[in-house]
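The structure appears right after this line, and notes come after that.
Residue numbering restarts at 1 for every chain, and letters A, B, ... go by the order of the sequence lines. We use all heavy atoms of the structure for the numbers below, so side chains are in, but hydrogens, waters and symmetry mates are not.
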Amino acid sequence: MASTFALVDCDNFYVSCERLFDPSLREAPVAILSNNDGCIIARSAEVKALGVPTGGPYFKYERLLARHGTRVFSSNYALYGDMSQRVMQVLRQAAPEVEVYSIDEAFLHLADTRAPVDQARQIRRTVRRWTGIPTSIGLGPTKTLAKIATRFAKRHPEVEGVFDLTHRRDVDALLGLVHVGDVWGIGPQYTKRLLARGIETARQLRDARDAWVKKHLTIVGLRTVYELRGVSCLPLDQVRPAKKGITCSRSFGEPVVVLAGLKEAVAAYVTRVAEKLRAQTSIAATLCVFITTKPFGKGPHYHNSYTVTLPEPSAYTPALIRYAHRCLEKIYRPGYRYKKAGVILTGIQPAATHQGHLFVQADHPGNRALMEAVDAVNKRWGRGTVFFAAAGTQQPWPMRQQQHSKRYTTRWDEVPEVRA
DNA sequence: TCTGGGGTCCTAGGACCC
DNA sequence: TCTGGGGTCCTAGGACCC
């Protein structure tokens, strides 16, 4: 028997997290900014109604938002990550099979296949009661249709947060109303191609010719089309696979010109990716560094990257910093105003199974013990308590984060206070 | 003049997602 | 003045091998 997918999607997740800990926000328009306070990445319903798009640059909308009394926050991932875990924990108790798809979404297979809507309502109530986070839930025979159902649930308050798209007749009618660019898996480029072909709705996409879709949208697009037809091609992935690449990159608050500044930034990013690498008990075989002046601003642009294969896969921060600095020296050109740099680790493999190289001692036991000690201290006392001198103490490239809320749930000194 | 063909591996680039 | 960051997968093309 074909099973039903449920997609649980938190409503305005970052905004909901902020509102949870500051009740004065509940009636106010709220917007959350990206790193560097550059873009608007989450909006309350009021802000959406103002026509402010996701990803819109903050400086463009700053005045409009202020005029409507919008409360604006820098993103607080410590808080959102922690709240996300709480929501997912509730879902795991409520359903036998759960795929955590993103920080604010999960696909489920429901235990009781007879009354999925009742069950979805129950899950929604429980998440709300135990975590305070509001959600919407869409049901469908495929993930792609469940996505569309969720969108509908969010846009039509009369369905009270749950919409069921498991019945054929409903699907047929609804797909005719969904713009093709709003289908999961159809981005701006594919939308352009489809519109040029006269395909404007999800229903037209569903009925498109397989051969044409495969040719112009690849096998990925064809899977989407099958999913729209009710043929499930994207299974529920319950176990999160180990990461294949780990990246840390940042735009600089102020452009960086000198090599020494870039070196400090890159060392800090290496520190971060190496932490993530060790947290999943892996080692990396390849390291890539990139620097760029793009994409905005006047003047000559320069973008370059350099990739090294390590003599032996490693998760040892000082060694990785050394190689990253060598990469940087290869690509650095003086005279440019660099806006962003990043570090990417690939060739990731489990630390346990690695067969050590006889003559390369990058990861001898002393190094591993040192990393374990550093990670333990930073876990206990907060990230960055112990760090490598190469990452600098001045940080000439600070992120702008001017409107940070407190880390209510993860820092003892920032827990909410209750006054009698 | 006429000079194979198929398989594998790797990488860069492009598309998508939240 | 001011435009995020971290991922995934697929394809095409080149290198290399037999």
_What verdict does the side chain to side chain contact (heavy atoms under 4.5 Å, CB included) test give for A/Thr126 and A/Gln93, after you've listed the backbone C-alpha separation in whole Å, the side-chain angles of each residue and the deciding distance to 0.1 Å?_
CA-CA 10 Å; A/Thr126 309; A/Gln93 289 175 37; over 6 Å; no

*Give A/Lys339 one of three labels, base, sugar-phosphate or nothing, depending on what nucleic acid heavy atoms sit under 4.0 Å from its own.*
nothing

_A/Ser102: which residues meet the side-chain hydrogen bond (donor to acceptor under 3.5 Å, both in side chains) condition with it, sequence neighbours left out?_
A/Asp104, A/Glu105

*asked:* Does either side chain, that of A/Ser136 or that of A/Asp9, offer a donor lying less than 3.5 Å from an acceptor on the other one?
replied: no

*Mark up nucleotides 10-15 of chain B, 5' to 3', with B wherever a protein heavy atom is under 4.0 angstrom from a base atom, S wherever such an atom reaches only the sugar-phosphate, and - elsewhere.*
-----S

*Rounding to a whole Å, what distance do you find between A/Asp9:CG and B/dC17:C1'?*
13 Å

*Position toward the 5' end of DNA chain C (nearest nucleotide), A/Lys276 or A/Tyr14*: A/Tyr14

*Hey, which of A/Asp172, A/Thr201, A/Thr224, A/Thr144 is the one that makes side-chain hydrogen bond (donor to acceptor under 3.5 Å, both in side chains) with A/Arg206?*
A/Asp172

*Does anything in residues 54-72 of chain A reach DNA chain C, meaning a heavy atom under 4.0 Å, and if so which residues?*
A/Pro57, A/Phe59

_A/Tyr306 atom OH: more than 12 heavy-atom contacts under 6.0 Å_ = no

_What residues from residues 240-249 of chain A pass a heavy-atom cutoff of under 4.0 Å to DNA chain C?_
A/Lys243, A/Lys244, A/Gly245, A/Ile246, A/Thr247, A/Cys248, A/Ser249

*asked:* Distance check needed: C/dT8 P versus A/Ile103 CD1, whole Å only.
replied: 16 Å

*Nearest-Å distance, CD1 (A/Ile344) to C1' (C/dG5)?*
11 Å

*asked:* From CG of A/Asp37 over to C1' of C/dT1, roughly how many Å is that when rounded to an integer?
replied: 15 Å

*Given C/dG4, is OP1 or OP2 found less than 4.0 Å from the side-chain N or O atoms of A/Ser75?*
no

*How long is the line joining OH of A/Tyr77 and P of C/dG5, in whole Å?*
9 Å

_Any heavy-atom pair between the side chains of A/Ile41 and A/Ser75 that's under 4.5 Å?_
yes

*Does A/Thr292 offer a backbone N or O that forms a donor-acceptor pair with the side chain of A/Lys339 under 3.5 Å?*
no

_Salt bridge present between A/Lys147 and A/Glu227 (N-O < 4.0 angstrom)_ = no

*Check DNA chain C against residues 212-228 of chain A and give the residues with a non-hydrogen atom under 4.0 Å, in numerical order.*
A/Thr218, A/Ile219, A/Val220, A/Arg223

*Compute the ring centroids of A/Tyr14 and A/Phe73, then answer whether they are less than 6.0 Å apart.*
no

*Tell me: CD of A/Glu105 to C1' of C/dG6, nearest whole Å?*
15 Å

*Should we say atom NZ of A/Lys48 is surrounded by more than 12 heavy atoms from elsewhere, each under 6.0 Å from it?*
yes

*asked:* Is any side-chain heavy atom of A/Asp164 closer than 4.5 Å to one of A/Asp170?
replied: no

*For atom CD1 of A/Ile32 and atom C1' of C/dT3, their distance in whole Å*: 18 Å

*Got a salt bridge between A/Glu329 and A/Arg326, using NZ or NE/NH1/NH2 to carboxylate O under 4.0 Å?*
no

*Any side-chain heavy-atom pair from A/Val15 and A/Arg71 closer than 4.5 angstrom?*
no

*A/Phe21 side chain near A/Met83 side chain, heavy-atom distance below 4.5 Å*: yes

*A/Asn35 CG to C/dT3 P: how many Å, rounded?*
13 Å

*Would you tell me whether A/Asn12 and A/Ser44 have side-chain atoms, one donor and one acceptor, within less than 3.5 Å of each other?*
no

*How about A/Trp184 and A/Phe5: are their ring centroids closer than 6.0 Å?*
no

*For atom NZ of A/Lys60, decide whether the heavy atoms of other residues, nucleotides or ligands shown that lie under 6.0 angstrom number more than 12.*
no

*asked:* Using a 3.5 Å limit for the pairing distances, which stems of at least 3 consecutive Watson-Crick or G-U wobble pairs does DNA chain B take part in?
replied: B:5-18 with C:5-18

*Rounding to the closest angstrom, what is the interatomic distance between C/dC17 and B/dG4 at atom C1'?*
14 Å

